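Here the structure comes first, spelled out in structure tokens, and everything after it is commentary.
These numbers come from a predicted model, not from an experiment. Proteins get letters first, then strands, A, B, ... in listed order; numbering begins at 1 in each.
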Amino acid sequence: MRMREGYAPTLREVPAEAEVVSHQLSLRAGLIRRSAAGIYTYLPLGFRVLQKIKRIIREELDRVGCQELMLPIVQPAELWHQSGRWEAYGDEMFRVKDRHGRFFSLGPTHEEIITHLVKADVKSYRQLPLTLYQIQNKYRDEIRPRFGVIRGREFIMKDAYSFDRDEASLDVTYKKMYQAYERIFARCGLNTRAVEADTGAIGGSSSHEFMVLADVGEAVVVFCEACDFAANVEKAAAVPTPWPESRSQEMRQIETPGVRTIEELTAFLSVEPQRMIKTLLYLADDRPVAALVRGDRDVNEVKLARVLGVEEVRLADETTIETLTGAPVGFAGPVGLPENVHIVADLEIEGAIDAVTGANRADAHFVHVDWERDFRAHQVADIRTVTAGDQCPKCGEQLRQATGIEVGQVFKLGTKYSSVFEAHFLDEDGKEKPYVMGCYGIGVSRTMAAIIEQHHDEHGICWPPSVAPYHAVIIPIRPQDEEHMRTAEQLYEQLWASGIETVLDDREERPGVKFNDADLIGYPVRITIGPKSLAEGCVELKWRRTGETETIGIEDVVQHVLMKLDIGESISNP
RNA sequence: CGGGGCGUGGCGCAGCUUGGUCAGCGCGCCUGUUUUGGGAACAGGAGGUCGUGAGUUCGAAUCUCACCGCCCCGACCA
């Protein structure tokens with residue numbers, strides 16, 4: 001690309017809309033422009049990066065036997081009704097109506113449509129296993145789009161779906177995909193960490209998320225440095241710590257006017273929060289539930305929902321709380337709750353002695369509350385959120401915590417969708433069985449942002465060569481000098497002929513402008529043609545990532561760059 | 001959805017409190033001259049219904065109301 005013919009608009013100043021570095025640099029380097037909240041245009045440079053990422057994905061997936069196809073974005077509502085997700089997906093799904101009044105969704109994901117598709121054509125175990133994927137736009141009307149392309153409402157996703165005859169076969173497929181993901185992200189230059197993940201609303205038995213550790217990450221993960229344990233906090237099992245030692249005394253009600261929060265209670269009673277029982281009232285499918293955790297712990301709603309066997313739980317509203325407990329918000333406790341409230345205690349609450357809880361009465365708490373003597377739980381389970389400092393569930397060492405950007409997820413679905421769609425095949429034993437499915441996603445546009453988060457400095461982006469929009473830029477210091485331009489043009493042609501994607505910055509700009517743009521856009525190597533070295537038949541190379549410079553004879557440039565770029569698989573040849 | 005901030009040429013902003021040569025500054029853009037190894041200087045120039053709509057007023061970017069859009073934080077942890 002010759003700069004004078006190209007569309008690579010850079011910005012000197014940071015647009016007010018951008019807060020995080022990948023977003024700022026994406027705008028400044030001319031990769032993206034915003035169209036609406038969470039909806040972006042990909043400019044030519046950004047689009048090239050996406051193409052590179054997609055190419056890597058395709059190569060790695062094709063290598064393990066996946067096949068690409070293209071499913072519709074606009075999907076009939078009936079399929080979603082069948083799976084129950086027309087309702088379950090809620091406001092996050094974009095819905096459109098056609099001229100006849102029929103409803104469609106803009107696909108947020110494609111389990112429904114692909115299960116329905118494959119069902120019609122795959123009738124025998126001989127046709128399994130099968131893994132299909134596509135790369136296309138997805139639509140999710142996020143509550144709050146943010147961080148540029150990291151959480152958008154329209155985004156580019158690779159989604160794959162696997163169909164196996166049984167769990168054992170799915171395990172093999174899953175592992176294959178997991179390993180393909182590791183290669184994909186490594187080739188994108190990303191340092192990722194696979195963590196155990198919750199299976200959430202999609203449902204299923206097992207899942208891993210691929211996390212790029214970064215400050216802007218929205219997901220919180222815990223990991224152990226002593227062993228290989230790593231998990232999303234939503235999923236990570238919490239190892240209970242024993243209830244603090246104490247002596248059993250007679251339970252007593254005390255006046256605590258206006259004291260509602262654990263903090264206030266701690267100050268008011270001079271009692272450690274570890275000795276308090278926090279009681280949260282939830283509605284699980286309209287059934288009232290009280291969740292008990294230690295005062296310094298947080299309820300993990302994902303775990304709670306799983307324990308209760310419901311899709312999701314939501315905190316009860318004030319009115320419901322008052323009806324159930326007979327007290328305003330802030331004074332709930334497990335002692336004397338109505339029969340219809342299902343009580344779930346966290347593992348740490350079991351055997352509590354001498355605890356403090358709300359008294360289900362305004363401005364009152366109980367002290368010296370004992371487990372079983374004063375209250376009972378219908379269920380005891382791990383329902384709290386893990387935090388840094390907790391014991392590793394695998395080896396017992398202390399866990400650490402970090403935020404990450406989730407760039408990919410692999411997922412064992414089981415028969416969740418094949419069952420509802422009656423997607424069956426005939427197995428070797430002559431019996432009809434539902435496919436055992438898996439699904440596998442990669443946020444392609446998000447991956448681009450994650451790469452920038454991991455590869456930038458104060459001057460701009462430092463692309464890994466494998467995903468750089470171009471590998472090299474040639475900067476003639478004096479574009480009006482015929483010899484300079486002749487050399488530049490020749491080099492440009494030679495580089496392209498060797499598969500090195502090159503930009504020729506032929507603009508009538510001062511060198512400083514071009515250098516700064518080159519740093520901002522982040523070409524892995526810059527080739528400067530200036531009077532000093534040209535007189536000796538040389539050009540200057542500067543490597544973006546290391547800052548290393550070298551002077552090379554013109555005739556050696558192509559070979560040298562080719563060798564040092566190490567773009568191997570990413571070189572474009574049809 | 002709640003809270004906070006913002007909306008003035010392509011980008012970044014000032015002006016608004018105290019209505020009246022305030023529509024302005026920097027960058028970018030166009031023309032010319034001189035320049036040319038890390039965002040040049042000078043001269044000239046193009047470009048804006050001040051988010052939208054009502055209202056108050058002799059007069060509104062500025063005051064009032066409504067709406068729209070954007071960004072950030074939060075979304076109930078008792």
Exercise. Side chain of A:Phe147: nearest nucleotide among B:G39, B:G37, B:C72?
Worked result: B:C72

For this session: Determine: side-chain N/O of A:Arg146 to OP1/OP2 of B:C73, distance under 4.0 Å, yes or no.
Result: yes

Exercise. Which part of the nucleic acid, if any, lies within contact of A:Leu265, taking any heavy atom under 4.0 Å across all strands shown: a base, the sugar-phosphate backbone alone, or nothing?
Worked result: nothing

Exercise. Hey, are A:Arg297 and A:Asp390 close enough for a salt bridge, meaning a charged N less than 4.0 Å from a carboxylate O?
Worked result: yes

Exercise. Say you pick atom P in B:U35 and the same atom in B:C72; how far apart are they, in whole Å?
Worked result: 48 Å

Exercise. What integer number of Å spans the P atoms of B:A54 and B:U17?
Worked result: 23 Å

For this session: Determine the Euclidean distance between corresponding P atoms of B:G9 and B:C50; express it in Å to zero decimal places.
Result: 10 Å

Problem set entry | Any A:Arg12 side-chain N or O less than 4.0 Å from OP1/OP2 of B:C11 | no

For this session: Tell me what A:Val293 touches on the nucleic acid: a base, only sugar-phosphate, or nothing, going by heavy atoms under 4.0 Å.
Result: nothing

Exercise. Looking at B:G38, does its base get a donor-acceptor pair with the side chain of A:Lys542 below 3.5 Å?
Worked result: yes

Exercise. For A:Ala18, which contact category applies under a 4.0 Å heavy-atom criterion: base, sugar-phosphate, or nothing?
Worked result: nothing

For this session: May I ask you to check if A:Arg526 and A:Phe515 form a cation-pi contact, with NZ or CZ under 6.0 angstrom from the six-membered ring centre and within 45° of the axis?
Result: yes

Exercise. Rounding to the closest angstrom, what is the interatomic distance between B:C58 and B:G19 at atom C1'?
Worked result: 12 Å

Exercise. Using a cut-off of 4.0 Å on non-hydrogen atoms, how would the nucleic acid contact of A:Ile475 be classed: base, sugar-phosphate, or nothing?
Worked result: nothing

Exercise. If you draw the axis of the six-membered ring of A:Tyr470, does the NZ or CZ of A:Arg48 fall within 45° of it and under 6.0 Å from the ring centre?
Worked result: yes

Exercise. Does the B:G37 base have a donor-acceptor partner in the side chain of A:Glu540 within less than 3.5 Å?
Worked result: yes

Problem set entry | Modelled atom types, side-chain donor and acceptor of A:Thr241 and A:Arg294, under 3.5 Å | yes

Exercise. Of the candidate nucleotides B:C77, B:C73, B:G37, which contains the atom at the shortest distance from the side chain of A:Asp298?
Worked result: B:C77

Problem set entry | Candidates B:G38, B:A75, B:G28 - which lies nearest the side chain of A:Arg144 | B:A75

Exercise. Which nucleotide sits closest to the side chain of A:Lys278: B:C77, B:G38, B:C70?
Worked result: B:C77

Problem set entry | Closest to side chain of A:Arg510, choosing from B:A40, B:A75, B:G39 | B:A40

Problem set entry | Residues A:Arg478, A:Asp481: salt bridge by 4.0 Å N-O rule | no

Exercise. Within the structure shown, what part of the strands sits under 4.0 Å from A:Glu508 by heavy-atom distance: base, sugar-phosphate, or nothing?
Worked result: nothing

For this session: Output the single nucleotide from B:C70, B:G39, B:G37 whose closest atom is nearest the side chain of A:Arg34.
Result: B:C70

Problem set entry | Distance between C1' atoms of B:G20 and B:C16 (Å, rounded) | 14 Å

Problem set entry | Shortest side-chain distance from A:Val299, nucleotide among B:C77, B:C70, B:G74 | B:C77

Seminar exercise, completed: RNA chain B nearest-nucleotide lookup for A:Glu509 and A:Asp519: closer to the 5′ end is A:Glu509

Exercise. Do A:Arg526 and B:G38 share a donor-acceptor pair, side chain to base, under 3.5 Å?
Worked result: yes

Problem set entry | Modelled atom types, side-chain donor and acceptor of A:Arg544 and A:His459, under 3.5 Å | no

Exercise. Side chains of A:Thr387 and A:Gln401: is there a donor and an acceptor less than 3.5 Å apart?
Worked result: no

For this session: Return the nearest nucleotide to the side chain of A:Asn516; candidates are B:C72, B:C71, B:G39.
Result: B:G39

For this session: Could you tell me whether A:Lys532 contacts a base, only the sugar-phosphate backbone, or nothing, with contacts defined as non-hydrogen atoms closer than 4.0 Å?
Result: base

For this session: Mind checking A:Thr385 for me? I need base, sugar-phosphate or nothing, with any heavy atom below 4.0 Å counting as a touch.
Result: nothing

Exercise. Out of B:U36, B:G37, B:A40, which nucleotide sits closest to the side chain of A:Gln480?
Worked result: B:U36

Problem set entry | Spacing of the C1' atoms in B:G47 and B:G24 (rounded, Å) | 14 Å

Exercise. Can you find a donor-acceptor N/O pair under 3.5 angstrom joining the side chain of A:Glu13 to the base of B:G26?
Worked result: yes

Exercise. Can you tell me how far P in B:G2 sits from the matching atom in B:A46, rounded to whole Å?
Worked result: 47 Å

For this session: Could you measure between the two C1' atoms, the one in B:G5 and the one in B:G51, and give it in whole Å?
Result: 16 Å

Exercise. Which part of the nucleic acid, if any, lies within reach of A:Pro328 when heavy atoms closer than 4.0 Å are counted: base, sugar-phosphate only, or nothing?
Worked result: nothing

Exercise. Nearest-Å distance, CD1 (A:Ile477) to P (B:A40)?
Worked result: 13 Å

Problem set entry | Out of B:C71, B:G28, B:G12, whichever nucleotide has its closest atom nearest the side chain of A:Ala37 | B:C71

